[in-house]
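To keep things clear, I will list the structure first and then write my remarks on it.
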Amino acid sequence: MHDQQILELLRSGKRDKALLRLYKHFPQVERLICSKGGSKEDARDIYQEALIIFCRKVKSVEFELTAGIGTYLYSVSRFLWKDELQRRQKKTTVDFDLDLTPQDEQALQEALERENNLKMAEQVIAGLGQRCRDLLQLFYFQSLSMKVIADKLQFSSEKIARNQKYKCMERAKAKLLALKKQATIQSPDLSLK
Amino acid sequence: MRNELKIIELTEKYLTGQLSASDRAAFEKKLAESPQLQQDVALQKELMAGIERAALSESIQRAHRKYKMGKSGLSWGVGTFLVIVAAAGLIWFAGHSPQQTRPLPGHEAIILSDSTDTIALDHGRFEAGMNLPSQPFPIYNDRDTVIETKAGIVFAIPAGSFLDANGKKVKGAIQLDIREAMDAAAIIQSGLSTTSGDQLLETGGMFYINASQGDQPLQIDSTKGIYAEVPAEKRDPDMMLFEGKRLADGSLDWVKPTPLEQYLTPVDIHSIDYYPPNYLDSLAATGNDATNKRFTDSVYYSFAADFGDRPTKNEASKTETLLSETVSAGQVAIAEVKTDLDRRTDATVVSTPPSKPDRIRGDVSWNSITDTVAPAPRVSWETSAILIADNLYEVVLTATIPPGWRLYSGSVGEAGPTPVRISVAPSLCAAMIGKLNRAGEKNKFDKNFEREVSYFVDKAVFKQQVRARTDNCRISISITSMLGNDMMAYPIQNLNTSVLLNNAEPLVESLDELLDSASGAYPKGINPAKIKAIWNDKFQNTLLATREFEERIPAIHRTCSGAVLDLYVRHSEKRLDEIDALAATLLTGEERATFEAFADQQYGRVKDGNRFASMLRGYYQRKTTAYTKATRKTHERLWKEHQRNNRNAQSEKAKNTRENKQRASRTYTEEFKMNLAKVNEELGIEKTRPAAPPAVYPVRISRIGWKNVDKYTGMALADIMRDPVGNGIVSAENQRINDSIDARRQRSAEAASVKRARKTDVQDATRERKTLDYTHPMTGKQATIAYKEVAIPIADGDDYDQVRVYLLPDRLSSFQRLYERDGAFQGSLNELLSYQLVCVAYKGNQAYYNAVNNLTAAVHNSPLALEPVSKHDLDVQLRQLRSPYRVKSMLAEVHYQRFEQAESVRQNRMRKRLNLRNELRPVVFPCGTYTIVTEDDEEFAESASVDEDLNKIFKIVEEMPEFPGGMTAMQAYMSNNTKYPQSAIDARASGTIYVQFIIEPTGEVTNVELTRANRFNHDCDNEAIRVIQNMPNWIPGEQDGKPVRVQMNTPVKFTLN
């Protein structure tokens, strides 16, 4: 399966298929992480995060595939794992180098930060009910029209669906705000460097 | 649409670029002005990104799962694969260290026959794996055989598994050749590979099986297959079965992975723990024996009674709404109770069966106009009644005053504050003795009322002595009070309360509470009767009695859904992972994920089990219902019995009280007579005799007929006729007679009143047992009745459940009781009598006794020690008392005390049982309680944080809204910002306006309105509204941790100087 084909799949929205294909690069990553003191679960989580970063990158207009996707994923995973190790062990010197250009590293750093910031939001979304989640995802992520969504989720009318969407959003905002308030009280030293 | 939602809509349109240019500009302008809006928009934006991320995550997780299953056929990924090959190949098996020898059941695999992959090889060429030692097994194809290899692989070979080259069943003896490589060394040595294509495999072991009859190679009947159980340290669910394909270079490639048949591990059902998580630990923590299964079972199953006769269909449905446990809001006063003198309706005896609907305890019922004034300070009252002597109680009312406020006590006239007024309703069963006593008053100048007033701060204590005429006397008290401080005075609060005068422990009342809390609403959880129905031999060797199911038990309990458990029981013949998936569809959120993860484990069935699955379904249902009913019945029976015992106790108590009263009154009369006699004696007053006439007229009667003793008055009848009334014609003689009659009348009246007064004095002294020093007002003589205080402590008095101290005076017919105060039993002794003191105490069922003869009236410092005594011995001791009448009453008294003790033990036992249940209830039903939701919640009726009507306005919430800086700051704000309208000043108008408003969840003040029509001036009204409206944002009120709209009231006072 060529990289190009995978990109096509992603761009055309056949996300699930593409992701499955992408898992073929997993063994390498797993090996890497396991050899650097991680567990299988760690490998799984890191790889998932790497995939998210990858998908985002693909969506952005400036994406250029300079190396193979596998290599890219491998690099990103390595980066993420180093960062995670640093966070866990609090040692600034971790004994493996990343083999990345400084601007790549910078870019990755930014991506990681962005994703971390979104983790809270993701948590909030995950904490909403199934219907809320579906509603919000269909609208914001899959960009379906309210009419289609109302049909799909069996709302009595488009207006009601829209109202519910706003209510969901309202609830989500309140939760997020509360979560943030909590976090600022116990915010650890989030120095990423 | 609400404002908030409109903003969200607008923000959404803005963030998705749907606004027109002008709208967009307007929005951005507003954005620049309002940091609040900025934050809002940022949140929404973040959420949008979060939604995307969440969706991505979900997709990735799905992909991961699929990948692990290798369903795509193309990417096999890394995992561990189980490989089994056809008869002529080599079998790879995934396992772990070769040390373990026990096969773990569940690793069975069907060996499929596939003879198409063998390639004819030259001898001498390298063939991977064939240098492993061969383990020959001769078997008969006509029989079922089980063989075990050196490394512990077990083969179960049904009869007729092997066929010849033509596909016909072979008969008789055949040779099996089995080779195995279960450890790394063997694998490497034998040249076996660990790859499949270019994918790395993780292996747990490999084996080879070949069969032949003589020279003929045989095949396995592919429709049957033979079973192999391969030993493994730990089961890895990713294991698959691979076949070996011989390549040209002699090596084996591993192909055609198929998942394993995951059989479940049956275990003895009695070894499984079906209890809710932490149940046994919690039970042990209460000090009970958690190892006794009968006990732990009986306690757990008793909770089935909570499910009672309610409809069971509502146990777990998607539209359930979970209500949190009812919260008692804020400070509590005593709930309003009607005065009830009818003894039969026993306010103290619980007369309701446990199935009462949920009652919110801690209900505040102020019958006051101010009960919607949220920020109003409140006085909280507590009442109590202490027994200080026979039938004499001291009722204590304690007021707790919020800090910074005063409770006004003295009356200062009309314009002054309303003093606190405590009035006790006249009652048939009680009499007030003396006046209401107050303590802790202060006097100061009060700015509000511009005069000196007396008041209380912090605490006010009021005491009133009451004599109870009957038992279980309830007196009704109403309290009026007013609070104020330097800034303002708060309106009057009225409270009705009552106090029960009863010197028995209010055991039964508290039991009532315990029971109420016990039986509240319908519990949300798994009916223990269901567990009882399955935890028996009938379900052995079913899906429910497997190690794998045991892993699910805690999660099932946590769903608190009987329907989830039902699924496993009802579909017990299906594959476990199918049921897991079904369960997941009933759940949401984290719970759903838990069961989806269970399903991922892909567990199958119990081998050879479940033939009676359909029969068990019916059994399960029947038994559940039966157990629930039975438990409930037992509960009700216990309950009725308890009530019967209570009623019995009540009547015994009443009898005892009656007897006590009679005894007390008799003793009192006797003592009084004795005292009076002594006083009279000391005063030299003779005992009343029939009065002897002062003189006599001796006459002799010699004839029968009328006689008359007369004398002449010296007046003619004619004179009298002239002046009938006799004004002025009263002769001196008559006058003298009249005078002396008057004088005598007066003297005797005086004497009589003195006598009455003396009698009253003696009565008082006797009743109150106080020394009386009497001086006869006319003769000046003195008499004394002396009472002396006695106090005697009982050694280790607190260790006993009950201690009673009796005084036995030598000359009276019965005993008196002493009561404990300040650590010692106190009373007063009449000097005329000599007393014997008797003390009887109980601890559990053991009685203790001691007696003191000739008790001296003093404060005894050394405590009296009690000796344990048997029932018989106690009776013997008592019979040795001096008067038989006394003996009888003492025996009756002691008998009653024994009864009371037994009652108390029984009540304790009951209470303990209830306490245990209450403590365990949250463990057995960890999801609280709920009420059945019948209306269809159209939208998101899923979890507790579901749509409540966000428009709802609360009046009382858990966290009331707060003005920033508190009440003092608010008062400061009010006084600084309120401008007295000129027109009102001119019109000399003043008064108080009541304003109500709503504090929104954002803290904003909205909907400012006047509450009552006591508007005295239009401009003042407007000013009041204006001031309130311009208040800075409050800290919003919260209910269930969420900010909600709360309605508030406040007075705005306009006073002219």
Side-chain angles (χ1 to χ4, degrees), chain A residues 1 15-24 26-28 30-31 44 47-48 51-52 55-56 59 114-115 117-133 136-137 139-142 155-156 160 162-178 180, chain B residues 1-2 4-9 11-12 15-16 39-40 43-64 66-68 71-72 74-79 199-200 318 587-590 592-593 938-943 945-947 950 1001 1041-1043:
Chain A
M1 172 66 34
R15 219 174 37 248
D16 285 14
K17 255 196 176 165
L19 288 170
L20 198 53
R21 305 275 189 272
L22 286 172
Y23 257 95
K24 91 166 170 222
F26 184 50
Q28 282 178 293
E30 194 182 30
R31 235 177 308 154
R44 187 185 61 209
Y47 198 64
Q48 287 186 1
L51 283 174
I52 291 184
C55 287
R56 285 225 194 273
K59 271 206 168 173
R114 214 180 316 130
E115 291 307 319
N117 287 342
L118 290 180
K119 277 197 180 144
M120 242 195 266
E122 185 185 355
Q123 206 182 334
V124 166
I125 301 289
L128 295 174
Q130 183 67 29
R131 240 153 121 64
C132 246
R133 256 212 313 275
L136 291 172
Q137 280 181 2
F139 182 76
Y140 286 103
F141 193 50
Q142 298 195 21
F155 281 105
S156 354
I160 289 189
R162 198 175 304 133
N163 239 19
Q164 283 308 328
K165 179 181 57 157
Y166 296 142
K167 276 196 189 170
C168 278
M169 181 56 88
E170 187 178 24
R171 239 183 318 147
K173 276 162 81 175
K175 280 192 175 171
L176 185 57
L177 194 60
K180 285 198 159 183
Chain B
M1 209 196 295
R2 261 188 297 125
E4 298 85 11
L5 296 186
K6 276 212 159 75
I7 294 177
I8 292 178
E9 183 179 26
T11 312
E12 182 187 285
L15 289 171
T16 53
Q39 180 192 56
D40 219 47
L43 275 177
Q44 202 158 329
K45 195 166 173 193
E46 202 170 315
L47 280 168
M48 280 166 59
I51 292 170
E52 204 188 313
R53 204 191 129 92
L56 253 183
S57 284
E58 265 180 50
S59 291
I60 292 176
Q61 280 170 25
R62 270 201 299 272
H64 178 76
K66 279 209 188 128
Y67 150 81
K68 275 168 74 171
K71 281 227 176 103
S72 72
L74 248 171
S75 85
W76 295 6
V78 171
Q199 300 299 319
L200 191 63
K318 274 201 202 153
L587 302 163
T588 60
E590 235 183 275
R592 191 192 183 111
E938 178 205 343
E939 267 106 43
F940 305 95
E942 276 158 313
S943 63
S945 57
V946 122
D947 274 317
L950 292 167
K1042 287 183 337 172

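Because the structure is a prediction, the values reported are computed rather than measured. Labels below follow one simple rule: chain letters A, B, ... track the order of the sequence lines, proteins then strands, and each chain is numbered from 1.
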TODO: Answer with side chain, backbone, both or neither: which region of Arg62(B) has an atom nearer than 4.5 Å to a non-hydrogen atom of chain A?
DONE: side chain

TODO: Among Met48(B), Arg53(B), Glu46(B), Glu52(B), single out the residue with the greatest number of heavy-atom pairs under 4.5 Å to chain A.
DONE: Arg53(B)

Open item on the list: Ignoring hydrogens, what is the shortest heavy-atom contact between Arg171(A) and Cys132(A)? Give both atom names and the distance.
Closed with: NH2-SG, 3.5 Å

Open item on the list: Measuring from atom CD1 of Ile52(A) to atom CD1 of Ile60(B), what distance do you get when rounded to the nearest 0.5 angstrom?
Closed with: 4.5 Å

Task: Option in Gln39(B), Glu12(B), Gln61(B) with maximal non-hydrogen atom pairs under 4.5 Å from chain A - done: Glu12(B)

- [ ] Please state whether the side chain, the backbone, both or neither of Ala126(A) comes within less than 4.5 Å of a heavy atom of chain B.
- [x] neither

Task: Side chain proximity check, Leu136(A) to Leu47(B), heavy atoms < 4.5 angstrom - done: no

TODO: Taking the side chain as every heavy atom from C-beta outward, state whether Ile8(B) and Lys173(A) have any pair of such atoms under 4.5 Å apart.
DONE: yes

Open item on the list: Can you confirm whether Lys165(A) sits close enough to Phe155(A) that some side-chain heavy atom of one is under 4.5 Å from a side-chain heavy atom of the other?
Closed with: no

Task: chain A interface, residue from Arg592(B), Glu590(B), Glu58(B) that has the most non-hydrogen pairs under 4.5 Å - done: Glu58(B)

Open item on the list: For the interface with chain B, which of Glu122(A), Gln123(A), Gln48(A), Arg31(A) has the highest count of heavy-atom pairs at distances below 4.5 Å?
Closed with: Glu122(A)

TODO: Please flag which part of Arg162(A) lies under 4.5 Å from any non-hydrogen atom of chain B: side chain, backbone, both or neither.
DONE: side chain

- [ ] Identify which part of Phe139(A) has an atom lying under 4.5 Å from any heavy atom of chain B, answering side chain, backbone, both or neither.
- [x] side chain

Open item on the list: I'd like to check Ser59(B) versus Leu51(A) (side-chain heavy atoms, cut-off strictly below 4.5 Å). Are they in contact?
Closed with: no

Open item on the list: Parallel, tilted or perpendicular, judged at 30° and 60°: which one describes the rings of His64(B) and Phe26(A)?
Closed with: perpendicular

Task: Heavy-atom pairs under 4.5 Å with chain A, option from Ser57(B), Ala49(B), Pro1043(B), Ala55(B) with the top count - done: Ala55(B)

Open item on the list: Heavy-atom pairs under 4.5 Å with chain B: which of Leu177(A), Leu22(A), Val124(A) has the most?
Closed with: Leu177(A)

